[in-house]
J.: 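Below is the structure I would like to discuss, written out as structure tokens.
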There are 2 protein chains.
Amino acid sequence: MQKETLCLGLLSLGPRSGYEIKQMFEGPLSDFYSLSFGTIYPTLNNLQADKYVSCKQHSQSKKPDKKVYTITKKGMELMKDNLLSDASSYIRSGNFGDQIKSEFFLLLLFSKYLPKETMNTVLNERVLYLRQKLEQFKYDGPVPGNLDAIRNEKSVSFIRGLASALIETGLNYMEKNRGKLN
Amino acid sequence: MQKETLCLGLLSLGPRSGYEIKQMFEGPLSDFYSLSFGTIYPTLNNLQADKYVSCKQHSQSKKPDKKVYTITKKGMELMKDNLLSDASSYIRSGNFGDQIKSEFFLLLLFSKYLPKETMNTVLNERVLYLRQKLEQFKYDGPVPGNLDAIRNEKSVSFIRGLASALIETGLNYMEKNRGKLN
DNA sequence: GATTATATATATCATTCTGATATATATACG
DNA sequence: CGTATATATATCAGAATGATATATATAATC
């Protein structure tokens with residue numbers, strides 16, 4: 001997805017600074033996508049130059065100014081147009097669509113070159129890690145600051161449910177079939 | 001995973017050309033990882049310069065020479081060392097580990113900005129696509145050329161089984177819960 | 001009360017990687 | 001006989017990351 005469309009989409013949930021957009025990528029979106037500061041800040045500057053977002057500078061005594069961006073009508077239109085024209089190309093992506101770039105799967109692929117104890121530890125830690133992830137996805141309590149804007153989206157419940165189901169399947173499979181790796 | 005380790009790992013399954021390594025990424029590995037020609041060819045050249053692989057040039061009358069690379073003892077050692085020292089960092093990656101970069105999930109996130117008919121078509125095509133993927137993963141018949149080297153790995157059976165289970169879960173979830181997106 | 005670590009906030013850039021393009025030939029298909 | 005696809009390597013502009021720089025506030029630790 002184009003970085004512009006993505007930033008506009010996140011701003012459609014409410015006005016935000018670049019730093020707060022990054023927080024969304026590190027929080028609720030961390031398992032699905034991410035953009036770096038080096039992408040976010042230039043993108044916001046370009047969007048502002050082209051009037052897709054407006055910017056209010058909140059000067060905070062001696063911290064650097066907090067630049068809060070708001071999506072404009074023109075920006076909403078661009079976002080919707082882009083989503084519509086690119087929708088079909090995203091059908092073949094993500095979870096067993098296009099490239100997943102799974103380092104873990106690659107490690108499994110070459111597991112025969114690792115000592116058995118090492119692979120045992122790795123698999124144990126993977127299981128622990130996935131259990132932890134599962135709890136995160138199932139957690140329904142309060143979230144800090146403006147991160148609840150994204151949590152309350154209907155689509156986010158759908159995605160979280162899907163993610164939980166996938167992790168559970170992965171955990172069950174790993175526990176039942178790990179013997180087959182030796 | 002470092003591109004060097006990855007290329008060495010694939011060469012550990014047997015001697016191959018850069019083109020054939022690319023074929024592995026587009027075939028059996030396409031859902032887990034990929035490297036472009038722009039990465040593969042320079043990497044092989046560097047590995048050769050440092051004696052981690054050797055190269056035999058098969059001149060083919062008027063086609064460009066086919067450069068077949070073979071992993072050396074030194075290369076096997078580097079690969080194993082790298083795998084061992086990086087193993088723990090791969091535990092938190094892939095399927096709900098690190099970044100999945102799922103364009104499809106992002107599209108769902110912004111689905112409220114798309115017309116209902118469009119989302120309906122998108123979800124239908126996604127289901128068809130996943131069914132097709134599932135068949136691919138379950139297919140156990142013959143594969144062309146030297147691609148069976150990777151298919152016959154024990155770890156590959158494990159990964160394919162896991163992938164099938166995950167896709168099935170995703171399909172079931174989508175079919176049961178797609179109403180919740182409206 | 002001093003120090004250390006972490007959080008807020010933006011900006012920049014070298015390095016890395018991709019996706020596209022270039023080049024050249026062979027083969028299959030109708 | 002032309003057209004599309006496959007084989008095969010190489011290169012490079014453009015994009016994105018990860019790291020680093022800068023500056024301050026706040027919380028935790030000792």
Side-chain angles (χ1 to χ4, degrees), chain A residues 1-7 15-27 29-30 33-49 53 55-69 86 89 92-93 98-101 103 106 143-147, chain B residues 1-7 15-27 29-30 33-49 53 55-69 86 89 92-93 98-101 103 106 143-147:
Chain A
M1 189 170 286
Q2 296 161 66
K3 54 193 192 271
E4 290 83 9
T5 315
L6 184 47
C7 287
R16 261 168 191 72
S17 68
Y19 190 80
E20 287 167 334
I21 288 179
K22 180 65 175 169
Q23 281 183 314
M24 296 179 110
F25 283 124
E26 284 182 347
L29 295 178
S30 67
Y33 220 90
S34 183
L35 291 178
S36 68
F37 282 127
T39 302
I40 294 169
Y41 285 118
T43 299
L44 288 173
N45 287 333
N46 293 340
L47 286 174
Q48 190 191 356
V53 299
C55 178
K56 257 194 189 164
Q57 221 142 326
H58 297 238
S59 51
Q60 320 177 73
S61 61
K62 282 187 177 181
K63 268 197 246 182
D65 285 10
K66 187 172 177 174
K67 296 183 188 172
V68 175
Y69 296 90
D86 296 340
S89 68
R92 279 142 212 281
S93 115
D98 262 1
Q99 324 229 325
I100 293 198
K101 284 255 173 192
E103 314 271 351
L106 283 186
V143 280
N146 47 27
L147 256 42
Chain B
M1 189 171 284
Q2 295 161 67
K3 54 195 194 272
E4 289 83 9
T5 315
L6 183 48
C7 287
R16 262 169 191 72
S17 68
Y19 190 81
E20 287 166 334
I21 289 179
K22 180 66 176 170
Q23 282 183 314
M24 296 179 111
F25 283 123
E26 284 182 346
L29 295 178
S30 66
Y33 220 89
S34 182
L35 292 177
S36 69
F37 282 128
T39 303
I40 294 168
Y41 285 119
T43 300
L44 289 172
N45 287 334
N46 293 340
L47 286 173
Q48 188 189 358
V53 300
C55 177
K56 256 193 189 167
Q57 221 142 325
H58 297 238
S59 52
Q60 320 177 78
S61 60
K62 283 189 176 178
K63 269 197 248 184
D65 285 10
K66 187 173 176 173
K67 296 184 187 170
V68 175
Y69 296 89
D86 297 338
S89 68
R92 279 144 211 280
S93 115
D98 261 2
Q99 324 229 325
I100 293 199
K101 283 256 173 191
E103 315 269 352
L106 284 187
V143 280
N146 48 28
L147 256 42

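Letters A, B, ... are given to chains in the order of the sequence lines, protein chains preceding strands, and every chain is numbered from 1. On a predicted model such as this, the values are computed, not experimentally measured, just so you know.
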J.: Output the rounded distance in Å from NE2 (B:His58) to C1' (D:dT9).
T.: 15 Å
J.: Pick one: which of A:Val53, A:Val68, A:Leu44, A:Ile21 meets side chain to side chain contact (heavy atoms under 4.5 Å, CB included) with A:Arg16?
T.: A:Ile21
J.: Considering residues at least two apart in sequence or located in another chain, which fulfil the salt bridge (charged side-chain N to carboxylate O under 4.0 Å, His left out) criterion with A:Glu4?
T.: none
J.: Under 4.0 Å from OP1 or OP2 of C:dA9: is there any side-chain N or O of A:Gln23 that close?
T.: no
J.: Grab the NZ-C1' distance between B:Lys3 and C:dT18 for me, whole Å please.
T.: 13 Å
J.: Measuring from atom NZ of A:Lys101 to atom CG of A:Leu106, what distance do you get when rounded to the nearest 0.5 angstrom?
T.: 9.0 Å
J.: Mind calculating the distance between CD (B:Gln57) and C1' (D:dA8) to the nearest angstrom?
T.: 12 Å
J.: Rounded to the nearest angstrom, tell me the gap between atom CG in A:Leu44 and atom P in C:dA9.
T.: 14 Å
J.: When the distance from CZ of A:Arg16 to C1' of C:dT10 is rounded to whole Å, what number comes out?
T.: 18 Å
J.: Taking side-chain contact (heavy atoms from CB on, under 4.5 Å) as the definition, give me every residue that meets it alongside B:Thr5, ordered by chain and number, with sequence neighbours left out.
T.: B:Met1, B:Gln2, B:Met79, B:Asn82, B:Leu83
J.: Does C:dT8 have its OP1 or OP2 closer than 4.0 Å to a side-chain nitrogen or oxygen of A:Lys66?
T.: no
J.: Set out, line by line, the N/O atom pairs under 3.5 Å between protein and nucleotides 10-14 of chain D.
T.:
unit_1, atom_1, unit_2, atom_2, d
D:dA10, OP1, B:Lys67, NZ, 2.4

J.: To the nearest Å, how far apart are B:Leu6 CG and C:dC17 P?
T.: 11 Å
J.: Of all the nucleotides listed (D:dT17, C:dG19, D:dT9), which has the minimum atom distance to the side chain of B:Ser17?
T.: D:dT9
J.: Please state how far atom CD in B:Gln2 lies from atom P in C:dT16, giving the value in whole angstrom units.
T.: 11 Å
J.: Distance from B:Cys55 atom SG to B:Leu47 atom CG, nearest 0.5 Å?
T.: 11.5 Å
J.: Let me check I have this right: for DNA chain C, each base becomes ., (, ), [, ] or |, based on Watson-Crick or G-U pairs with both distances under 3.5 Å. What is the full string?
T.: ||||||||||||||||||||||||||||||
J.: A:Phe25 vs A:Tyr33 aromatic rings, parallel, tilted or perpendicular, using cut-offs 30° and 60°?
T.: tilted
J.: Quick one: list whatever passes side-chain contact (heavy atoms from CB on, under 4.5 Å) with B:Glu26, sequence neighbours left out.
T.: B:Lys22
J.: Working to the nearest 0.5 Å, report the span between OG of A:Ser17 and OH of A:Tyr41.
T.: 6.0 Å
J.: Distance check needed: D:dA16 C1' versus A:Lys22 NZ, whole Å only.
T.: 11 Å
J.: If you compare every side-chain N and O of A:Tyr19 against the phosphate oxygens of C:dT10 (OP1, OP2), does one of them come in below 4.0 Å?
T.: no
J.: Output all residues satisfying side-chain hydrogen bond (donor to acceptor under 3.5 Å, both in side chains) with A:Thr43, sequence neighbours left out; order by chain, then residue number.
T.: none
